[in-house]
Amino acid sequence: MERLPESIYLYAALFDCMKLNLPRGSLERLKMEKMLLGEEIKNIIACVGAERKERHEKLEKWNQRLDLAGFVNVPLSYYAMLQAKRLLQSYKCDAYKIKDDNGSDVNWLSL
């Protein structure tokens with residue numbers, strides 16, 4: 001049952017973001033938790049076979065698909081990196097960082 005730990009990791013990050021930006025009792029947060037995330041989590045964890053609609057795939061699979069389709073990685077410009085860092089700072093997301101993947105041109109958000 002690999003779905004459970006992977007789902008916990010993925011959704012924990014989403015709930016952490018909501019915790020930082022939406023008060024616990026806010027209507028927007030309650031709607032997101034119940035109508036969007038709750039149904040999605042229930043489908044991923046509890047449903048099997050044809051009942052299961054949500055199927056998250058790992059980054060490696062997406063990278064393979066994109067490579068096969070002819071997409072290539074391109075570096076983010078200095079300006080784009082600066083914008084991303086400012087956005088993170090404005091939302092006070094201290095747990096997230098912009099990460100340069102070992103000096104390569106791949107930049108991404110990391111916990």
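Please read all numbers here as calculations on a predicted model, not as lab measurements.
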To the nearest 0.5 Å, what is the distance between [atom1] ([X]) and [atom2] ([Y])?
| X | Y | atom1 | atom2 | answer |
| --- | --- | --- | --- | --- |
| E51 | N43 | CD | CG | 8.5 Å |
| I8 | I41 | CD1 | CD1 | 9.5 Å |
| R52 | I45 | CZ | CD1 | 9.5 Å |

message: Can you confirm whether E33 sits close enough to F15 that some side-chain heavy atom of one is under 4.5 Å from a side-chain heavy atom of the other?
response: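 Yes, their side chains come closer than 4.5 Å.
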- prompt: Can you hop from L30 to L36 via hydrophobic side chains spaced under 4.5 Å?
  reply: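 No, no single cluster joins them.
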message: Evaluate M32 against L22 for side chain to side chain contact (heavy atoms under 4.5 Å, CB included), listing each step before the verdict.
response: CA-CA 11 Å; M32 284 180 61; L22 293 170; 4.3 Å; yes
task: Salt-bridge test for K42 and E39: reply yes if a basic N is under 4.0 Å from a carboxylate O, no otherwise.
output: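 Here K42 pairs with E39 in a salt bridge, since their nearest N and O are under 4.0 Å apart.
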For the student: nearest non-hydrogen atoms of L37 and M18, plus distance: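 Closest heavy-atom pair between L37 and M18: CD1-CE, 3.6 Å.
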Closest contact, heavy atoms only, K53 versus A50: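 Scanning both residues, the minimum pair turns out to be NZ-O, 3.0 Å.
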